[in-house]
Peer 1: 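Have a look at this one before I ask anything.
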Number of protein chains: 2
Amino acid sequence: MKRGGNNVASQDHPLGYLLRQLELYCDLPPEDRQLVLELPHRLRRLDAASYLVREGDKPTNCMVLASGYAFRQKVTGKGSRQILAVCIPGDAVDLQNMFLDVSDHSVQLLTQARVADVPREALQKLVLSRPAIGTAIIQLTLVEASILREWVVNVGRRDARERIAHILCEFAVRLESRGLTGDQGFELPMTQEQLADATGLTSVHVNRVLKGLEADGLISRKRRHIHYDNWRALQDAGDFSRRYLHISDHDTLAQSY
Amino acid sequence: MKRGGNNVASQDHPLGYLLRQLELYCDLPPEDRQLVLELPHRLRRLDAASYLVREGDKPTNCMVLASGYAFRQKVTGKGSRQILAVCIPGDAVDLQNMFLDVSDHSVQLLTQARVADVPREALQKLVLSRPAIGTAIIQLTLVEASILREWVVNVGRRDARERIAHILCEFAVRLESRGLTGDQGFELPMTQEQLADATGLTSVHVNRVLKGLEADGLISRKRRHIHYDNWRALQDAGDFSRRYLHISDHDTLAQSY
DNA sequence: CGTTTAATTGAAAGCAGTCAAACTATGTGG
DNA sequence: CCACATAGTTTGACTGCTTTCAATTAAACG
């Protein structure tokens, strides 16, 4: 059940990760794979904290993260920020904007990144004319929605410890599914304040919870690196089940811990 | 800029509301309109509290609410419930399941309802073969995702009063956009406990907040009926802006209050 | 009408927030 | 190479919004 054949492209081609992500959910015929890789695009290198999209924008491109991390966010009237999603390499940053005219949230880089700008129309056309690509993009969109639902649950019905443990598990599995993790751990590209904005907490409390998880032997930390000392217990602490990520088992090794 | 021509169908045909909803975001050519209305479907009448979908199901139909209300929900390991969305008449209940094989959440009826079951494949085929319909369905999906993002903000970064005011505003505008509201108010088809599960609060506190909003002259209530006494103030109290609903202004009258 | 479900109210407890300060790491320029 | 600046982490004390628990009232239902 390997998805071989395009792994080479993943590493070099700016859209390789995108292709790989599309094929996570359904196989593409060879000619569709070609069409994806041949999408017109312009590659930019951007600094950390750059905005890719601002709420209210009328975007003309669909951006793909060739490398680096980003997050979606919204700011309330009182000025507090809520992070809505974390984008990892290969993510198409604004499928949203491909079919809606005004962006309803902002996207900001977490790290320095390479971003491929694909003209909106080119991707649109592919989605509407190639059933396999259309299916794959729709599935991507639906999985993003599923993750959003889980975030609503996380923020609405879990306590601080559960929220943090849950989001750590989510990262672990998502990164793993794209081969971006190290040995039983990963580089968390966020400050504790950003983690707080993603979980509806304050940075002070995130700090306390992280120390608690560490004290209980679930994780250990060095700088921004998270190591799971007890993956099973971390999942339990976070009420985490991978089902909502819709990643088939053979796409990741995480369950072997 | 009227979307006339299919208003008659909306009232009678089980899929009329769906068609109307599709056309909210982009116009369909007449033959596509025909194809939507000619979708094979079976109509069922179900009691309140019936499940339309259960988490883990592998559904074969896409259900459309011809009448009645429903909500999406997930239950945590500790047994608390989070409501993720409220479906109103005309909503396609599981676009999710149309392109994903396993449902990641449950859908339960709020009221007695008429539900049209459309075979998954029939709708899929239409989406992938008719660009206008594909575009409309994708837009619908994206708007749902946008609403989810706003819910994350609501639950993550707003206090109890703001959350309740916000969700009331959202109902008002969504119902209005489908012509389901009365005079400066609407029938809220939820108990206070369900409202609590939608906002990440407890029913006790929802009650206190509702009474607070009433005491401050923002709303008045009779049974489940909500009347906005001061629409402007209610929006302010809820930090509400309709942008995330992606409803064009001429599709609703709400802003005239 | 009795029974069940939902709404309401009060008192007490607790989780997380706020405020403030100290500490650490990283980076810069002299 | 060190002093200084900046950004992020850590810690403590106190406050407060919401929850919890419990009891009462009101509405819906057979």
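Note on naming: letters A, B, ... go to the chains in the order of the sequence lines (proteins, then strands), and numbering restarts at 1 for each one.
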Peer 1: Quick one: does NZ or CZ of B:R20 land under 6.0 Å from the six-membered ring centre of B:Y17, within 45 degrees of the ring axis?
Peer 2: no

Peer 1: What's the closest nucleotide to the side chain of B:H205 if the choices are D:dT19, C:dA16, D:dA13?
Peer 2: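 Nearest nucleotide to the side chain: D:dT19.
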
Peer 1: Does D:dT10 have OP1 or OP2 under 4.0 Å away from a side-chain N or O of A:N207?
Peer 2: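 It does, given that an N or O in the side chain of A:N207 lies less than 4.0 Å from OP1 or OP2 of D:dT10.
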
Peer 1: Below 6.0 angstrom between ring centroids: does that apply to B:Y244 and B:H166?
Peer 2: yes

Peer 1: Return no unless some side-chain N or O of A:R224 is found under 4.0 Å from OP1 or OP2 of D:dT9.
Peer 2: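 So the side chain of A:R224 is within the cut-off, an N or O lying under 4.0 Å from OP1 or OP2 of D:dT9.
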
Peer 1: Any chance the side chains of A:Q21 and A:D91 put a donor and an acceptor closer than 3.5 Å?
Peer 2: yes

Peer 1: Between C:dT26 and A:R223, is there an OP1 or OP2 to side-chain N/O distance shorter than 4.0 Å?
Peer 2: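 Indeed, a polar side-chain atom of A:R223 lies that close.
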
Peer 1: In whole angstrom, what separates A:L110's CG from D:dG8's C1'?
Peer 2: 14 Å

Peer 1: Do A:D236 and A:R232 sit within salt-bridge range, that is, some charged N less than 4.0 Å from a carboxylate O?
Peer 2: yes

Peer 1: In this structure, how many angstroms lie between the C1' atom of C:dA16 and the CZ atom of A:R158, rounded?
Peer 2: 18 Å

Peer 1: Rounded to whole angstroms, how far apart are NE2 on B:H225 and P on D:dA27?
Peer 2: 17 Å

Peer 1: Kindly say whether B:Y69 contributes a backbone atom to a donor-acceptor pair with the side chain of B:T111 at under 3.5 angstrom?
Peer 2: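 Yes; at least one donor-acceptor contact below 3.5 Å.
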
Peer 1: Please report the distance, rounded to the nearest Å, between CD1 in B:I164 and C1' in D:dT18.
Peer 2: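 Rounded to whole Å, this separation is 12 Å.
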
Peer 1: Charged N to carboxylate O below 4.0 Å: is that the case for B:R163 and B:D239?
Peer 2: no

Peer 1: What integer distance in Å separates A:I226:CD1 from D:dT9:P?
Peer 2: 10 Å

Peer 1: Is the phosphate of C:dT8, meaning OP1 or OP2, less than 4.0 Å from a side-chain N or O of B:R221?
Peer 2: yes

Peer 1: Please report, rounded to the nearest Å, how far the C1' atom of C:dG17 is from the CD atom of A:Q192.
Peer 2: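 One finds 16 Å between C1' of C:dG17 and CD of A:Q192, rounded.
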
Peer 1: Which part of the nucleic acid, if any, lies within reach of B:L210 when heavy atoms closer than 4.0 Å are counted: base, sugar-phosphate only, or nothing?
Peer 2: nothing

Peer 1: Any N or O donor-acceptor pair under 3.5 Å from the base of D:dT20 to the side chain of B:R208?
Peer 2: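 Under the 3.5 Å cut-off, the side chain and the base do form a donor-acceptor pair.
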
Peer 1: Starting the side chain at C-beta, find the nucleotide from C:dT8, D:dT9, C:dT18 nearest to A:T191.
Peer 2: D:dT9

Peer 1: Does B:K211 put a side-chain nitrogen or oxygen below 4.0 Å from OP1 or OP2 of C:dA7?
Peer 2: no

Peer 1: Using five pairs at each end of the helix from C:dC1-D:dG30 to C:dG30-D:dC1 to define an axis, what is the angle between those two axes, to 10°?
Peer 2: 40°

Peer 1: Where the side chain of B:V204 is concerned, which of C:dT9, D:dT18, D:dT11 is the nearest nucleotide?
Peer 2: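 Side chain of B:V204 sits closest to C:dT9.
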
Peer 1: When you measure from the side chain of A:R81 to the backbone N and O of A:D197, does any donor-acceptor pair fall under 3.5 Å?
Peer 2: no

Peer 1: Treating B:N97 as the side-chain partner and B:D94 as the backbone partner, does any N or O pair qualify as donor plus acceptor under 3.5 Å?
Peer 2: no

Peer 1: Would you kindly give the NZ-to-P distance between B:K78 and D:dT19, to the nearest whole Å?
Peer 2: 14 Å

Peer 1: To the nearest Å, how far apart are B:D47 CG and D:dG30 P?
Peer 2: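 Distance check: B:D47 CG to D:dG30 P gives 11 Å.
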
